[in-house]
Protein chains: 2
Amino acid sequence: MRISARADYAVRAVLELAVRQGGDPVKAETVAAAQDIPHKFLEGILGDLRRAGVVDSRRGGGGGYRLARDAASITVADVIRAVDGPIVSVRGERPTGLSYTGSAQPLLPLWIALRANVRRILEGVTVADIAADALPDPVKELAAEPAAWENP
Amino acid sequence: MRISARADYAVRAVLELAVRQGGDPVKAETVAAAQDIPHKFLEGILGDLRRAGVVDSRRGGGGGYRLARDAASITVADVIRAVDGPIVSVRGERPTGLSYTGSAQPLLPLWIALRANVRRILEGVTVADIAADALPDPVKELAAEPAAWENP
DNA sequence: TGCCTTCCCCACCGGTTAGGTGGGGATTAA
DNA sequence: TTAATCCCCACCTAACCGGTGGGGAAGGCA
């Protein structure tokens, strides 16, 4: 279960747009420098985010990117789906597309529960939350447990 | 966030050993046929599980595999770690190995919380639970929500 | 002692993905 | 008209995923 570089970069890019909200559009180059993301790679990511309706763009001098809607209405799940597609997959398929037989049958509800649990986090945190350094309480509680920081 | 074929196969293989517990060792070929897993591919997976101390093996006629300990003490997380390494990674690294600066700083606790949440599921479900078709209540509740079955 | 069975190790392989780069065209502001 | 900026496409290398094949090592049995 890996968070890809694209996903990580995308969240950071959107975040960078969020904290510069209100002013002029922000150039891809500016975002790239601020977050230390390869410029051309970031352009592809921003293209995905635009097609998904997360950001808006304007070309030409003084152009750049800005959020397409309020930061409080953009969840981390939105961003990740925009660049990576489905959040959780098993062997490349959505859990609902699987079929198990015999004793393996309870595996399906297990994967479904896992996905629901992941969504609970990623759909419950907005870009505004992160920008304000104010993660929702349930998330803060999870991160506060010392065990969560251990690598078993 | 994908569950690899290796992980899926590994859980199903261990499960197959669990339901045949008590008798003779089970041949890889038998597990492969029962769970429709490519035989040679499965052998590699069983090797990983053996090295991780999840299963025991015996060679020669009448040989095969069996669980190394009680099914109730083997969690799904144990099995997945045995074949795929760390459960959650960001850009190939463990979350604790990351460093974010500036406005992206709250990303670290977010990934940590995400990992903790995933672990809660995978470490909370044992092979015995699945074999008995008796998933823990919290998992059952998650899977019972209709929204968990939708593909947004 | 052979012989059969089964695991065990290693090498390889084709296709996909991840991560990244480069060039040039389209659009817009000044 | 010119400079800036996004936009699209092609490409590239390395790694990974899923899978296969051959042969050797260990164990049971006659």
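First the proteins, then the strands, lettered A, B, ... as listed; each starts at 1. All values below were derived from every heavy atom in this structure, side-chain atoms included, with hydrogens, water molecules and symmetry-related copies excluded. Quick caveat, the model's predicted, so the values are computed rather than measured.
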> Atom CG of A:Asp8 and atom P of C:dG20: how far apart are they, to the nearest Å?
11 Å

> Could I get the full list of side chain to side chain contact (heavy atoms under 4.5 Å, CB included) partners for B:Val19, not counting sequence neighbours?
A:Ser103, B:Glu16, B:Ala131

> Is it true that atom CZ of A:Arg50 has more than 12 heavy atoms of other residues, nucleotides or ligands lying nearer than 6.0 Å?
yes

> Base, sugar-phosphate or nothing for A:Gly64? Non-hydrogen atoms, less than 4.0 Å.
sugar-phosphate

> Using a cut-off of less than 4.0 Å, is there contact between a side-chain N or O of B:Tyr9 and OP1 or OP2 of D:dC17?
no

> Quickly work out the B:His39 NE2 to D:dG18 P distance and round it to whole Å.
19 Å

> When you check the phosphate oxygens OP1 and OP2 of C:dT17, does a side-chain N or O of A:Ser4 lie under 4.0 Å from one of them?
no

> Just the rounded figure in Å: distance from P of C:dT5 to NZ of B:Lys27.
9 Å

> Run the salt bridge (Lys or Arg N to Asp or Glu O under 4.0 Å) test on B:Asp48 and B:Arg6 for me, step by step, so that the C-alpha distance in whole Å, both residues' side-chain angles and the decisive distance to 0.1 Å come before the verdict.
CA-CA 10 Å; B:Asp48 287 341; B:Arg6 289 179 72 78; 2.3 Å; yes

> May I ask you to verify if any side-chain N or O of B:Ser57 is less than 4.0 angstrom from the OP1 or OP2 atom of C:dC8?
yes

> Where the side chain of A:Ala5 is defined as all heavy atoms beyond and including C-beta, which of C:dG19, C:dC9, D:dC6 is the nearest nucleotide?
C:dG19

> If you check every side-chain atom of B:Pro38, which of D:dG19, C:dG22, D:dC6 has the closest atom?
D:dG19

> Side chain of A:Phe41 only, please: which of C:dC8, D:dG19, C:dG19 is the nearest?
C:dG19

> Report the distance from atom NZ of B:Lys140 to atom CG of A:Leu110, rounding to the nearest 0.5 Å.
13.0 Å

> What is the separation between atom CG on B:Asp56 and atom P on C:dC8, rounded to the nearest whole Å?
10 Å

> Given salt bridge (Lys or Arg N to Asp or Glu O under 4.0 Å), test B:Glu123 with B:Arg81 step by step and report yes or no.
CA-CA 11 Å; B:Glu123 291 176 352; B:Arg81 283 204 191 94; 2.8 Å; yes

> Would you indicate, yes or no, if D:dC6 has its OP1 or OP2 atom less than 4.0 angstrom from a side-chain nitrogen or oxygen of A:Arg51?
no

> Once you round it to whole Å, what is the distance between C1' of C:dC7 and CZ of B:Arg66?
14 Å

> Determine: side-chain N/O of B:Arg50 to OP1/OP2 of C:dC8, distance under 4.0 Å, yes or no.
yes

> Starting at atom OH of A:Tyr65, determine the distance to atom P of D:dA4, rounded to an integer number of angstrom.
17 Å

> Of all the choices, C:dC7, C:dG20, D:dC6, which nucleotide is nearest to the side chain of B:Glu43 once you look at every atom?
C:dC7

> Could I get the full list of salt bridge (charged side-chain N to carboxylate O under 4.0 Å, His left out) partners for B:Arg69, not counting sequence neighbours?
B:Asp78

> Take the protein atom CD1 of B:Ile3 and the nucleotide atom P of D:dG18, then report the distance between them rounded to whole Å.
11 Å

> Could you state the atom-to-atom distance from CG of B:Asp36 to C1' of D:dG19 in whole Å?
14 Å

> Kindly say if B:Arg2 contacts the phosphate of C:dT16, meaning a side-chain N or O under 4.0 Å from OP1 or OP2.
no

> Classify the nucleic acid contact of A:Gly47 as base, sugar-phosphate or nothing, counting any heavy atom under 4.0 Å across all strands shown.
nothing

> Quick one, B:Glu145 with A:Arg120, criterion salt bridge (Lys or Arg N to Asp or Glu O under 4.0 Å). Give me CA distance, side-chain angles, the key distance, then yes/no.
CA-CA 12 Å; B:Glu145 289 174 36; A:Arg120 222 179 238 196; 3.3 Å; yes

> For nucleotides 26-28 of chain C, give me every protein contact, N/O to N/O, under 3.5 Å, one pair per line with atom names.
| from | atom 1 | to | atom 2 | distance (Å) |
| --- | --- | --- | --- | --- |
| C:dA26 | N3 | A:Arg59 | NH1 | 3.4 |

> Would you compute the distance between atom CG of B:Asn117 and atom CZ of B:Arg115 and round it to the nearest 0.5 angstrom?
12.5 Å

> If you compare every side-chain N and O of A:Lys40 against the phosphate oxygens of C:dG20 (OP1, OP2), does one of them come in below 4.0 Å?
no

